[in-house]
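Chain naming here is simple, since letters A, B, ... match the order of the sequence lines and numbering starts at 1 in each. All heavy atoms count here, side chains included; hydrogens, waters and symmetry mates do not. On a predicted model such as this, the values are computed, not experimentally measured, just so you know.
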2 protein chains.
Amino acid sequence: MGYNTVQGKRIISFLKGSAGEHLTADEIFRRLADGGTAVGKATVYRWLDKLVMRGMVRQFSGEKNESACYQYTGGLKCDNHYHLKCFVCGRLLHVDCVYLDKVAEHILDIHGFVLNEEKTTLYGICADCKK
Amino acid sequence: MGYNTVQGKRIISFLKGSAGEHLTADEIFRRLADGGTAVGKATVYRWLDKLVMRGMVRQFSGEKNESACYQYTGGLKCDNHYHLKCFVCGRLLHVDCVYLDKVAEHILDIHGFVLNEEKTTLYGICADCKK
DNA sequence: TTGCGTGCAAAGGTTTTGCATGGCA
DNA sequence: TGCCATGCAAAACCTTTGCACGCAA
């Protein structure tokens with residue numbers, strides 16, 4: 001599980017405090033630069049990777065030459081649960097849907113591909129922003 | 001509309017000849033290096049941008065530090081097309097599938113969300129790596 | 001004491017841009 | 001002739017990595 005470092009505690013604490021927000025690695029880096037022990041940018045990236053692995057944080061890759069952004073979710077079980085990310089407002093929508101469950105089944109049966117719902121995010125424009 | 005240059009003609013001609021294939025900018029660059037007037041990489045990027053704008057080419061952005069890939073469509077509204085990315089071998093599978101087309105429809109009808117297939121990648125484990 | 005975690009800077013990848021040159025009209 | 005398009009190399013961008021040092025256990 002690793003050592004219990006000041007930097008790790010600051011990063012996790014900061015992320016928890018901004019649960020729901022979508023932040024870039026650089027934003028996190030800058031926000032941690034003030035007050036307390038500063039945290040190196042490489043360390044921010046290393047922790048984000050680790051937290052993504054653990055399922056505590058979701059990562060959304062940006063366009064080329066744009067930062068990826070990260071959102072703290074706290075590792076809530078997201079079974080049968082899909083994520084729709086809106087380009088416009090940036091919100092992450094959590095969707096439970098029987099129909100979508102069948103999609104994973106189809107992809108497995110026909111394409112032989114085991115879909116990982118947790119790691120997959122569907123991108124588009126949400127109902128509110130569509131108007 | 002711009003000048004009618006040898007390089008532009010070669011790029012468009014090559015793309016038309018590989019309609020349906022998914023090519024990276026670098027692949028296009030390398031394929032054009034042999035035979036006829038070579039085309040600079042910057043020019044390849046400039047033409048791809050231009051053709052994406054015109055709707056002649058679709059762009060699929062890859063992960064960070066991976067090339068985007070491009071597909072010539074000739075401006076036709078082509079079939080919805082999904083990307084399955086395998087964690088294990090890293091391959092990107094391109095899937096045309098009628099069933100998956102209906103998924104986008106469902107997401108729109110029921111969840112009010114306009115899915116962007118170009119920007120969406122489904123993650124999991126491919127048939128080969130599953131064994 | 002052991003060895004993981006960190007910070008810095010450099011490297012790594014793709015894509016964009018500045019600027020002088022060459023080719024189209 | 002006028003000016004856009006091109007090519008080269010450098011820059012830009014985010015992210016990863018190498019290495020020495022410091023700190024947790």
Side-chain angles (χ1 to χ4, degrees), chain A residues 1-15 22-54 56-71 90 119, chain B residues 1-15 22-54 56-71 83 85 87 90-92 118-119 121 123:
Chain A
M1 184 71 178
Y3 291 166
N4 191 14
T5 64
V6 178
Q7 291 87 343
K9 279 188 278 192
R10 285 205 74 203
I11 290 175
I12 291 175
S13 158
F14 172 71
L15 288 174
H22 42 284
L23 303 158
T24 64
D26 191 63
E27 277 162 2
I28 296 167
F29 169 73
R30 290 200 312 268
R31 294 284 298 275
L32 292 174
D34 306 327
T37 312
V39 180
K41 194 173 284 189
T43 299
V44 171
Y45 277 107
R46 284 191 272 238
W47 271 97
L48 286 172
D49 277 357
K50 196 182 297 187
L51 294 171
V52 168
M53 296 287 188
R54 289 191 201 157
M56 306 295 282
V57 165
R58 286 182 70 83
Q59 178 185 47
F60 306 98
S61 31
E63 298 291 281
K64 281 287 153 42
N65 290 352
E66 284 184 13
S67 305
C69 70
Y70 298 86
Q71 180 175 34
K119 293 285 179 359
Chain B
M1 184 70 178
Y3 290 165
N4 190 14
T5 63
V6 178
Q7 290 88 344
K9 279 186 279 192
R10 285 205 74 202
I11 290 175
I12 291 174
S13 159
F14 172 71
L15 288 174
H22 295 75
L23 304 158
T24 64
D26 190 62
E27 277 162 1
I28 296 167
F29 168 74
R30 290 199 312 268
R31 294 286 298 274
L32 291 175
D34 306 326
T37 312
V39 180
K41 195 173 282 191
T43 300
V44 171
Y45 277 107
R46 285 190 272 239
W47 270 98
L48 285 172
D49 278 357
K50 195 182 298 186
L51 294 171
V52 168
M53 296 288 189
R54 290 191 200 156
M56 306 296 281
V57 166
R58 293 220 295 168
Q59 179 185 48
F60 303 95
S61 33
E63 300 290 282
K64 282 286 150 44
N65 289 353
E66 286 184 13
S67 305
C69 69
Y70 298 86
Q71 176 182 31
H83 283 151
K85 172 95 174 175
F87 288 135
R91 272 189 309 165
L92 184 64
E118 297 190 26
K119 294 283 167 38
T121 302
Y123 291 92

Q. Does B/Q59 have any side-chain contact (heavy atoms from CB on, under 4.5 Å) partners at least two apart in sequence or in another chain, and if so, which?
A. B/V52, B/A68, B/Y70

**Q.** Non-neighbouring partners of B/T121 that pass side-chain contact (heavy atoms from CB on, under 4.5 Å), sequence neighbours left out
**A.** B/H83, B/K85, B/L92, B/Y123

In whole Å, I'd like the distance from the [atom1] atom of [X] to the [atom2] atom of [N].
X     : N      : atom1 : atom2 : result
B/E27 : C/dT14 : CD    : P     : 11 Å
B/E66 : C/dT15 : CD    : P     : 10 Å
A/K41 : C/dA9  : NZ    : P     : 12 Å
B/F29 : C/dT15 : CZ    : P     : 13 Å
B/K9  : D/dT6  : NZ    : P     : 12 Å
B/N65 : C/dA11 : CG    : P     : 16 Å
A/L51 : C/dG5  : CG    : P     : 13 Å
A/R10 : C/dT6  : CZ    : C1'   : 14 Å

Quick one: is [N] close enough that its OP1 or OP2 comes under 4.0 Å of any side-chain N or O from [X]?
X     : N      : answer
B/Y45 : C/dT16 : no
B/S67 : C/dT14 : yes
A/Q7  : C/dG7  : yes
A/W47 : C/dG5  : no

Q) Does B/E118 have any salt bridge (Lys or Arg N to Asp or Glu O under 4.0 Å) partners at least two apart in sequence or in another chain, and if so, which? A) B/R58

Q: Hey, could you give me the CD1/CE distance between B/I12 and B/M56, rounded to the nearest 0.5 Å?
A: 7.0 Å

(Q) How long is the straight-line distance from OG1 of B/T5 back to CH2 of B/W47, given to the nearest 0.5 Å? (A) 5.5 Å

**Q.** Residue mapping more 5' on DNA chain C - nearest nucleotide basis, A/T37 or B/T24
**A.** A/T37

Q. Quick one: what's the B/S/- string for nucleotides 17-25 of chain D, heavy-atom cutoff under 4.0 Å, read 5' to 3'?
A. BB-----BS

Q: Can you pull out how bent the helix from C/dT1-D/dA25 to C/dA25-D/dT1 is, comparing the axes over its first five and last five pairs, to 10°?
A: 20°

Q: For B/R31, check side chain to side chain donor-acceptor pair (under 3.5 Å) against everything at least two apart and list the hits.
A: none

Donor-acceptor pairs are to be reported for all side-chain atoms of residues 22-30 of chain A against protein atoms at under 3.5 Å, with residues two or more places apart or in another chain.
from, atom 1, to, atom 2, distance (Å)
A/T24, OG1, A/E27, N, 3.0
A/D26, OD1, A/K41, NZ, 2.7
A/D26, OD2, A/R30, NH1, 2.3
A/E27, OE1, A/T24, N, 3.0

**Q.** Smallest separation among heavy atoms of B/A38 and B/A33, with atom names
**A.** CB-O, 4.3 Å

Q.
I'd like to know if the side chain of A/R10 reaches the main chain of A/V39, judged simply by a donor and an acceptor atom lying under 3.5 Å from each other, with no hydrogens or angles considered.
A. no

